[in-house]
Amino acid sequence: MNASTSEPARHIRLTSHPGQQGPTGAPPIQWGAADALARGPIVGSTTSRAQRNVIGTHSGGYGVYRALAVAAGNLVRGHRADLTNTAPTDDIGPYPQWSDAEKIVSIDPWGASVQSVYADYLARGYDIRPTIAVTKAHVHLPEVKQAIAFQRLQPDGKFLLEDGSAVVTKVAVEPVWWLPGVARRFGVKESDLRRALFEETGGMYPELVTRSDLEVFLPPIGGQTLYVFGDIRDLANPMVTLTARVHDECNGSDVFGSDICTCRPYLTHAIEECIQGAQKGGVGLIAYSRKEGRALGEVTKFLVYNARKRQEGGDRADKYFLRTECVAGVQDMRFQELMPDVLHWLGIRKIHRLVSMSNDKYDAITGSGIEVGERVKIPDALVPADAKVEIEAKIAAGYFTDGGVMTEADLAQVKGRGLV
């Protein structure tokens with residue numbers, strides 16, 4: 001009987017110790033090697049254990065859903081993806097940054113092209129899966145249609161269609177962490193990083209502390225989605241004007257339009273700027289990361305909302321960061337140190353117009369060797385009334401602005417509405 005359709009073995013085989021390799025062997029990984037074959041494929045298969053050369057499994061947090069599907073009998077254990085016609089719609093790279101082990105430590109540069117660069121491995125039965133996918137799409141946003149109505153944008157039939165939809169190249173990226181490089185990026189010992197990852201996930205991945213021979217980790221976290229306006233290859237050309245925004249997920253605002261923050265207005269403003277940039281002969285990029293609630297999570301974020309609205313004196317700009325720290329123990333856990341990796345994967349060397357007020361993002365980008373020209377703040381007219389608390393607190397804390405900075409006394413007078 002085929003292994004993929006046979007009944008699973010009733011005994012459990014632990015993966016937390018060496019000696020799991022079988023006759024085919026796990027391909028070695030040489031992170032930062034000059035080409036795909038020298039680097040070696042990333043194999044996170046759960047069924048072909050002899051081939052595994054990483055900690056964790058493909059699809060990050062969605063691996064739990066895969067486990068549910070297997071347990072419920074909806075997915076045959078050991079299903080192998082048919083990768084026919086799944087190749088990227090646009091070729092990306094390779095760029096010099098791909099072979100620099102310090103430039104890219106949190107994604108697999110070859111993750112979009114496994115169908116071609118690892119064809120021989122696939123033919124020999126290795127279960128290798130893409131960690132990056134590249135496709136085409138049209139995006140429809142009411143704010144873009146409004147910009148057309150107010151004649152800030154003009155349909156051109158190429159980048160912006162008559163129905164108000166923008167034509168984009170869309171890229172999904174799953175995280176692939178090379179642990180020695182991640183540790184260096186954060187300035188910690190690799191052993192300390194491994195221990196923290198093991199303990200703070202409740203011991204979910206014992207290989208972190210028992211398998212020092214495995215250096216690559218597929219963490220159970222959300223990845224990134226990239227939206228490119230214009231020719232994606234132009235991102236690597238510093239002579240082509242690049243307008244870019246690096247945006248961290250905010251479901252309440254981005255999707256549902258909650259007005260307590262500036263996330264959706266800033267995002268849609270950046271999209272408008274990207275479209276205009278492409279129409280003027282440049283290229284635009286939105287890099288969207290799954291880091292909900294400053295990577296604290298939505299439950300924590302809503303708890304903070306309640307604490308802010310119920311504190312003595314109401315929701316005040318001078319107490320904006322304090323309430324988050326009281327609930328979560330830290331103001332922000334997004335840690336932008338790994339963020340520039342995807343920019344290096346795209347070959348970016350210069351961002352001419354960065355649509356962001358965050359110094360953390362700016363410092364991470366420029367600190368990684370990417371030049372930044374103009375910084376673009378959100379227009380005052382786009383800041384919702386209840387979000388004045390957030391924006392003024394951030395500016396006072398050092399966020400980029402081309403305007404004035406409030407005093408502590410003035411911040412105390414900037415208040416949001418109550419809970420009703």
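Only a predicted model underlies this, so the values are computations on that prediction, with no experimental measurement involved. Just so you know, these numbers use all the heavy atoms, side chains as well, and skip hydrogens, waters and symmetry mates.
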Looking only at atom types and distance, does a side-chain atom of [X] sit under 3.5 Å from a main-chain N or O of [Y], one as donor and one as acceptor?
X	Y	value
Asp108	Ile42	no
Thr201	Leu197	yes
Arg185	Glu337	yes
Asn53	Pro41	yes
His58	Gly63	no
Tyr118	Ala36	yes
Tyr227	Ile286	no
Ser358	Lys361	yes
Glu292	Ala295	no
Glu390	Thr262	yes

**Study point:** Nearest-0.5 Å distance that lies between atom CZ in Arg349 and atom CD1 in Ile370
**Key:**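 CD1 of Ile370 is found 11.0 Å from CZ of Arg349.
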Practice item. To the nearest 0.5 angstrom, please state how far the CZ atom of Arg264 sits from the CZ atom of Phe256. Key: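 Spacing of CZ (Arg264) from CZ (Phe256) equals 11.0 Å.
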Review point. Should we count CZ of Arg195 as having more than 12 external heavy atoms under 6.0 Å?
Key: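 12 or below, so no.
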Exercise for review: Count the heavy atoms belonging to other residues, nucleotides or ligands that lie under 6.0 Å from OH of Tyr65, then report whether that count exceeds 12.
Suggested key: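 Incorrect, the count does not exceed 12.
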Review point. Do the ring centers of Tyr205 and Phe217 come within less than 6.0 Å of each other?
Key: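 Yes: the rings meet the under 6.0 Å criterion.
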So, for [X] and [Y], which heavy atoms are closest and what is the spacing to 0.1 Å?
X	Y	result
Leu153	Gln279	CD2-OE1, 4.3 Å
Thr46	Arg77	O-NH2, 3.8 Å
Val182	Val105	CG2-O, 3.7 Å
Ala112	Trp345	CB-CZ2, 4.4 Å
Ser45	Asp127	OG-OD2, 3.1 Å
Ser253	Cys261	CB-SG, 3.5 Å

Is any side-chain heavy atom of [Y] closer than 4.5 Å to one of [X]?
X	Y	answer
Trp110	Arg39	yes
Thr131	Ile107	no
Lys394	Phe321	yes
His247	Cys263	yes
Lys301	Cys250	yes
Arg184	Glu102	yes
Thr169	Lys136	yes
His269	Val376	yes

Would you mind checking if [Y] and [X] are paired as a salt bridge, meaning a charged N to carboxylate O distance below 4.0 Å?
X	Y	answer
Asp91	Arg233	no
Arg334	Asp332	yes
Asp248	Arg294	no
Glu273	Arg245	no

Review point. Under the ring-ring contact (aromatic ring centres under 6.0 Å, His included) test, which residues partner Tyr121, sequence neighbours left out?
Key: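 ring-ring contact (aromatic ring centres under 6.0 Å, His included) list for Tyr121, sorted by chain: Tyr126.
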